[in-house]
Amino acid sequence: MVPTLVILATILLALHSFGEYRVTVSQLSERHTHALMTASRLMQQSESMQGSGAMLLLADDHFSRRQALFEIADRREWMERLVNELAVIRGEAGSFDDIERVRDQLMVSFDVLDALVQRRIDLVGLLQQAPDESSDAQLRETERLLAQQMRTNRSLSQDLNVAIGYHVSGIRLDIRDAAEQMEQQLRQREHALKGFALIAVLLLLATAFHINRSVVRRVVKLQRVISRERPAPHELKVEGSDEIAQMARSIQHYVYRINDNERRIMAMNRELDFLATHDALTQLRNRHYFERECNERRSDLVAEHYCVAMIDIDHFKTINDTHGHEAGDRVIRRVAERLRRGLPESTLLARYGGEEFVALLPGLDIDAVAPMLESIRHALESHSIELGETALRVTASFGLAQQLPGGEFDEALKAADEALYRAKRSGRNRVMYQWLSNDDSGDAAYG
Amino acid sequence: MGDAFSRRLAVVVLASLSFLVVPGLAAQALLRVELQLEPPHLDPTLTASSTVAEALHLNVFQGLTRIDRHGEVRPALATHWEVSQGGLVYDFALRSDVLFHHGKAFDSGVAAYSLRRLLEAENGNPQRHLFQAVRHVEEVGPHVLRIELSRPDALLPFRLALSAAVIVHPDTVHTNRTHPVGTGPYRFVGWERKEGIRLRAFEAYWGELPAIREALFTFTPNRVELENLLSEGAIDLYPDASSLTAHMPLMQRADYVIQDGLSEGEVLLAMNHGRALFQDIRVRRALSHAVDREALLAIYPSIDPPLIGSHFSPRHPAYVDLSQRYPHDPERALELLTEAGVAGKARITLTIPPTQYAEQSSLYIASDLEAVGFEVELQRVSWGEWLRQVFTERDYDMTVIAHVEPMDIDIYARDDYYFNYHSEAFRELWSRIEAQQDPVERHRLLAQAQRHLAEDAVHVFLFLKPQQAIRKSNLQGVWGDAPIPAVVLEELYWE
């Protein structure tokens, strides 16, 4: 805003100066031209007056005499006005008395000259009609007086020229002074204009610098932060209260909101993922996950040995029917808990059906797993579950199978299921297991 | 912001610069016209001084009709007119798009007011006598004006085109003398006695806006000064440069052109019939013989205007050549003067208005009169003094003057004219002319009127005033002849 004003002010000053000088120059030139024209016209008329005087002197009839007189009268009348104009132009700068005095004397001289010329014309006329001596003498005397008067006239004309010349030179000096004065003023104004122009340029530079700092750099920084894949909101640092700061703040809010939404979507995804692979009641893996996982690991499983265990809660239907579903759910959760605590970290444990669980124990053999299952079984059996006032004793049956390298997983699962079946049939609350091998197959009970 | 702002800035800068440039152009557009005779005032309906008409007629003021450069009558504020009832009723259809310079509209009411004002004797219109046939003026509609005549007058449209019949507005009739307001293409800007009359194109003019936007009419009676101004190139147009001594040198200059033409002005050595000396027809005839008019034409170095023998233009079809009725014959003049008993005794003052033709002629005339025994005094007066002393107070012996109004032979039928010429016979003849509708018979009567004035040697009829205009060579549109006294700015343009 400020530089605009300064530039505008400079332009206006320049225009104003131009306008002012145009007016001054035109006024000066008009006034001085007028003064010079007036003076030179006056000078010219004063000089021409001698010519008119000569015309009068040479007049040999009244026609020529009057013609000269008309001219003299015209010159005189105009000179009078020119002197008045000059007096107005020159003001107090000199006296015009000299001009007026000499001019008046000159006019008187012309009157005398006219009277003499008139007499000469009449005398010549008389002499042409009838020559006589007295007229002849009079004519000679008139001629003598005329010559004398003409000298007076000439000297007066010269005096007039000198008097006018004084003013002409005065006007010339005035013009020179005015020109010098104007040149000085012009120079001053020129300096002022240069100063203004310099200030304007500096202000422009300052403005450019300021804009660079306050606008360009901030915008570039903002742009860099935004163009990152994950802009960090705290990097969208903004100061001030201008449009850029407001814009940056909006972007910051926006990034915050995007990050927030992303977190929420991730959490939701995680939850959905969990729900898809876990059993809601026990928080264990569900059967779908277990089967998919086993399927994915199939090739790995072929290369190593592992155990598969199937676990089923004994008499669960009775518990459900007697104590209700809630009690049934608590029982399932308790069994799941025992299983999770009792099996190693690497175990893939899942709820396989209503009260049935399955576990894949990679890298372990029956000798390692059977005691774990046994201790779980024992823990279940020895810790009853409090259901209001009654304490419920829950047991489970365990079927365990070990697969040797080169065997199929489904085979192991089937064997574990068969072992569980046998455990159920053998009176429940026990661990039954079976080795699988190409040549040696058989099962055993444990507990 | 940048673009819009720089555009605005550019506009501001350009607008400011235009202020610096325009005055230069305006200065070139100013036209300076020199008319020599300073007008007594600026109301053409109140003065016979043709210089008022020259400056203002057809520029500031307009009539219902106008005269063009060929002397033909043309429509002006009236678009056309119809004549009925045997030439006794004229219906003028008026323009409806005309504004006066002070913004008021022109209509039949204003036109009727103007003409009624012209007809009333107390208003002192110098051409009122030309409208004696008008019996009644009536507004028929807002833009139709009816003029009823008491006797047919075929010249009515011509008379309405004269400068004293211009249309004025009732609001401004009392100020027109100093601030004229009319309907013309130029409005009055100012009149400073030292500077001149300034006119500027009227933006709301009903016609086409003229090419010359501003004009200055100056009045320089002093011959020496005038020749000086011309030689300095300060004058763009001087319509009456005919008898300038500096004429020939100016003709050599490339920046000036001298254009030959004639006016309708009869130049007279007029005499005051109220003076006893001029009541004797022998004296008057002696004067006519004394003046060598052929020699007098030497005042026009480059044109040979026709001599006249009566108050009538050789350009008129009814003209009779009477220029040789009184051939230059000083001896016959002396005889007549001797018969009248005034030879060698009479003294004449010749009052000279400040026109070039009058000043130059008076030198020849004085010598001619002296040659037949008169004692002559030349009295040079200003135009204002001439109008007062000669025209109004009729205190003069003789004067040299041009009567530039066309077809104004009727002035000899006027009792109140400055000639003090009273002729019952001529008055009777003139009333017959006015009543005569048949052109052939009318021309015959006009010829008779010319002869009457010549026989009566009312004045020494000198010549038809040439109208040699000196103009800048790139100024076009200047009238060749001057059928009426007017400088029609509207038709001028710079080439």
Side-chain angles (χ1 to χ4, degrees), chain A residues 1 3-5 7-8 10-23 25-26 30 33-34 36-38 40-42 44-46 48-49 51-52 55 59 61-82 84-85 88 118 121-122 125 211, chain B residues 1-2 5-6 8-10 12-24 26-27 194 220-229 231-234 245-246 292 295-296 298-299 350 352 354 356 358-371 374-380 382:
Chain A
M1 197 60 196
T4 310
L5 282 177
I7 291 167
L8 247 161
T10 313
I11 291 170
L12 284 179
L13 177 70
L15 288 177
H16 177 70
S17 302
F18 276 133
E20 214 173 54
Y21 286 113
R22 187 176 52 79
V23 171
V25 168
S26 84
E30 203 174 303
T33 310
H34 183 59
L36 260 187
M37 288 299 275
T38 307
S40 65
R41 283 168 185 160
L42 193 54
Q44 187 198 355
Q45 287 314 306
S46 156
S48 304
M49 206 53 133
S52 303
M55 255 180 72
D61 57 19
H62 290 302
F63 178 90
S64 317
R65 180 181 67 83
R66 284 193 180 110
Q67 204 168 28
L69 277 180
F70 272 22
E71 198 171 284
I72 289 166
D74 280 344
R75 289 199 200 286
R76 179 204 170 136
E77 192 266 338
W78 195 28
M79 277 173 74
E80 208 164 286
R81 275 185 293 123
L82 288 171
N84 290 342
E85 274 176 45
V88 172
Q118 204 168 349
I121 293 167
D122 291 344
I211 289 173
Chain B
M1 136 172 162
F5 179 74
S6 28
R8 251 175 286 154
L9 192 66
V12 169
V13 171
L14 284 176
S16 316
L17 284 174
S18 67
F19 281 115
L20 303 174
V21 175
V22 169
K194 219 175 131 189
T220 313
N222 189 310
R223 183 182 60 83
V224 174
E225 184 182 0
L226 182 58
E227 287 180 356
N228 207 290
L229 287 172
S231 72
E232 284 172 12
T245 316
D292 185 355
L296 188 59
I299 69 169
L350 184 53
I352 311 158
Q356 297 309 315
E359 287 184 0
Q360 302 281 311
S361 309
S362 68
L363 293 171
Y364 289 87
I365 291 165
S367 297
D368 288 344
L369 298 190
E370 281 170 345
F374 285 105
E375 195 181 318
V376 180
E377 190 200 338
L378 298 185
Q379 181 194 27
R380 296 173 79 191
S382 72

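In what follows, chains are A, B, ... by sequence order, proteins preceding strands, each numbered from 1. Predicted model only: the values in this text are computed from it and were never measured.
Looking at B/Leu229, the atoms closer than 4.5 Å to chain A (heavy atoms on both sides) all sit in the side chain, from C-beta outward. Only the side chain of B/Leu378 comes within contact range of chain A, with at least one heavy atom under 4.5 Å from a heavy atom of that chain. Interface residue B/Glu232: only side-chain heavy atoms are found under 4.5 Å from chain A.
Counting non-hydrogen atoms of other residues, nucleotides and ligands closer than 6.0 Å to CZ of A/Arg76 gives a total of 12 or fewer.
For the set B/Leu363, B/Val376, B/Ile352, the entry with the most heavy-atom pairs within less than 4.5 Å of chain A is B/Leu363. For the set A/His16, A/Gln67, A/His62, the entry with the most heavy-atom pairs within less than 4.5 Å of chain B is A/Gln67.
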Evaluation steps, side chain to side chain contact (heavy atoms under 4.5 Å, CB included), between A/Gln45 and B/Glu225: CA-CA 9 Å; A/Gln45 287 314 306; B/Glu225 184 182 0; over 6 Å; no
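We find the CG-CG distance between A/Asp74 and B/Asn228 to be 12.0 Å, quoted to the nearest 0.5 Å.
Between B/Arg380 and A/Glu77 there is no salt bridge, since no side-chain N of the basic residue sits under 4.0 Å from a carboxylate O of the acidic one.
The minimum heavy-atom distance linking B/Ser367 with A/Arg66 is given by the pair N-NH1, 4.2 Å.
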